[in-house]
Amino acid sequence: MPTYGKGLRGLSILTFVTIAVALILVFFYVPLDATQGFIQKIFYIHVPLAIVSLCGFVFGGVLAVMHLRTGDRRYDLRSYVAIHMALIFGVAALLAGSIWAKASWGHWWVWNDPTLVSYLIVLLMFATYTPLRFSIEDPERQARYASVFAIVGGAFVPLNFIAVRAAQEYVHPRVLTLTGSNLPGPMLLTFLVSLLGITLLYITLWKYEMAAKNTRIQMRALRRRLLGDDDISPLQRSAAPSL
Amino acid sequence: MKTAFTVLRKDLLLELRTLETLPAMALFSISTFVIFHFGLNQDTIHGQLAAGVLTATLLFAGILGVNRLFVAEREQGGFDAFLLAPVDRSSLLLAKATALFLFLVALEVIAVPAFGVLLLGPPLGPRLPSLIVVLALADLGIAVIGTLVSALAVQTRARDVIGPVMGLPLLIPALIATARAIGPLLGTVGPGSLPGKWLLILALYDLVFALVAYAVFDFLLED
Amino acid sequence: MTLLGIAPALPLHAAGKYVAGAYIVFVLVILIYVAIMAVRLGRMERQLVELNRDLERRDQAATEQDRDPGSTSAEPESEPDAATGSDAHREPAPVSGSGRLGDSSL
Amino acid sequence: MADTPAIELRGVARYFGERIALRDLSVTVPAGATLAVLGRNGAGKSTLLRVLATLLRQHAGEVVLLGEPLPKRAFAVRGRLGLLAHEPLLYRDLSGRENLRYHARLHGVDPERVEELLSAVRMERRADEPVRLLSRGMVQRVAVCRAVLHDPEILLLDEARANLDPGASELVEPLVGRPAGRTRVITSHDPQAALAEADLALGLRDGRPTFSLPASEVTPAHVRELYS
């Protein structure tokens, strides 16, 4: 049975260092953006969060495919944690994005930035992932239906982005499209370092939550093995996989 | 294919007998037009606004159909009856998607003329052919996504809520493409050209989700 | 160390407020997450402590049983055979069949 | 095919989350024989029938029906099984005949067989009324037709006699009774009636088999233990 905790210590140190370096670069090294000035600094937190979160949803979809193909419920747990983390990062990205919108265009929500708009739609959709899991009792069916949802969601993310981007008339020059990039040298370096930092943070927290969930499940099994079955309280319904 | 036709025939017969879904969708859409009239406080609308009103109304009326799609199967043992037969399981997806598609077409046969009469400024006539093309592609998207979402939701406890809440975000890109494709058609100056870009996106959307639905549908029936 | 001199660290005029806000929101979200996980960890810790106490009670009962097996105390401490138990719930599923979990199951 | 047993279960288990529905179940039913499954409510009888009907996959152990291992070869067996359970599996808003025609098309059976069965259970006159207007007994008779429509080799009867008055029971006897010569698995709340028409008997309690004997060797003690 794989444990998820072993690489955690080294990984968290690496994450800490990377984010620290990124912050230093953002605030002390990179020159101010010509048009947006200081506000542009939010860009280095908003876009990496958005990218990592989107990749998290697609990662959850891939794990869901593995779960349906192999039938191994551990993939379902990994998919659940991946999507769960992606949702958390997504909320942070959306908040940072709306702050950026307020700073540069004056109001909290703006419809002309395709990343922000398509982001809201993706979050709206994945917000139903947990209620869907919660409303199915049989754990095996719950895992299977959640995986189907994750796969549909994974396919939806790129399509949604294409549709929203095509629908946008751009108000301001694209600083960085999620696909291409037209950033001068130092900005690109800073962006890549902060992207790396956020990615490492996602992986660390993913392993951390996997370790926590794994421990809880092992403990429940241990408790049942030691104290017989009638001593444990029946598992109350939860969205999390119970295996 | 034959199985899909068998299941489709049964569904249409069942709808004929009970008349639960179709009338509800039609009445829902017409009352929505009335609400839009008072909401927008305009006697006639045209262009992109009209496209938006039409598309949004059809989408929400379609959601009513999505909610009812698998209810008979769930409550009267339809799933077991189907699973007991030596048939390919994805034919149920094909049959139900076709049934939903036909419901949507029937809805549009009623709702679009009503829209023309009630709200639309410019005459509907000359715009109809290209409008039909766009609506057909949109119905295909709603049918595929709707069937998948309905199959997912019907087995859950909060099925009347989970279905729409899951389905709407999934259908937003289709809604965008449909509204943007219909927009120029309903302009006052005369039917504009069909924007190819949006038809392409709509077609791509339908194709991708048809493939995804085909790949994952069997897992929803397995137990 | 000219690095520090170039850009004022945190200009607090209008723009700075938003930038600080964005980064604080990010830190806050992560902190909330860590707090939730900490609560879960606490609950798990309590369950482990409880588990150990139950075990001690059971072992104590077992040792009493061994010391005077003959005496039929008024209310005999029935040997809770932990291994099989009434088994109304499944033990970790044996490895076999379609993708069931390993014995030391996750 | 007569020598290979119709149903072979070895160490079959099925869980519903943490709760055990079936566990360590091993039984072999030769072709043409009838197995009576006895036990209280929730003992796992219906779960066992759904596993045999390929509607539920087993979580452990082996299930071989008519020489075909499940769940891999389930499609090869599906057309040769008939299930009659609490749910009649009929659409209430369609008539009896429309339901049976639908099932006949699903199973690729000649519609003529529908008329034959309807007259066998004397339902021809009421065959065109929606099922929701029929009495429980009539619905059960139409459900019997549905279960044997495709002439299954294995028949799974979950309290088939429930809701049937003695008259109706005789009507369906040639279809679902012993004379039809099919391999049958029957469950019932009335152990005596079930044992009377069974060759083998299986006792279930909390998902575990308590006995698996020829019907003749089942003693009242066995039965009492099941329902105590």
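Lettering follows sequence order; numbering is per chain, from 1.
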With side chains defined as the heavy atoms from C-beta onward, is the minimum distance between [X] and [Y] less than 4.5 Å?
{"X": "Val19(C)", "Y": "Ile45(A)", "answer": "no"}
{"X": "Leu205(A)", "Y": "Met37(C)", "answer": "no"}
{"X": "Arg40(C)", "Y": "Lys213(A)", "answer": "yes"}
{"X": "Glu209(A)", "Y": "Tyr33(C)", "answer": "yes"}
{"X": "Arg220(A)", "Y": "Gln47(C)", "answer": "no"}
{"X": "Met219(A)", "Y": "Met44(C)", "answer": "yes"}

>> If I measure from the heavy atoms of chain A, does Leu48(C) come under 4.5 Å with its side chain, its backbone, both, or neither?
In response: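 The answer is both parts of Leu48(C).
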
>> If you compare all heavy atoms of Ala22(C) against all heavy atoms of Ile42(A), which two are closest, and at what distance to 0.1 Å?
In response: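 So the minimum-distance heavy-atom pair works out to CB-CG2, 3.6 Å.
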
> Do Tyr23(C) and Phe27(A) have ring centres separated by under 6.0 Å?
Replying inline: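 Yes, ring centres under 6.0 Å apart.
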
> Looking at Leu51(C), Val34(C), Val25(C), which one has more heavy-atom pairs under 4.5 Å with chain A than the rest?
Replying inline: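 Looking at each option in turn, the highest pair count goes to Leu51(C).
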
> With only heavy atoms counted, which part of Thr215(A) is less than 4.5 Å from chain C, the side chain, the backbone, both or neither?
Replying inline: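 Both backbone and side chain.
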
> How long is the span from the CZ atom in Phe89(A) to the CD1 atom in Ile30(C), to the nearest 0.5 Å?
Replying inline: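 Here the rounded value is 4.5 Å.
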
>> For a side chain to side chain contact (heavy atoms under 4.5 Å, CB included) check, start with the C-alpha distance between Leu201(A) and Phe26(C), then their side-chain angles and the critical distance, and finish with the verdict.
In response: CA-CA 12 Å; Leu201(A) 182 66; Phe26(C) 168 64; 3.7 Å; yes

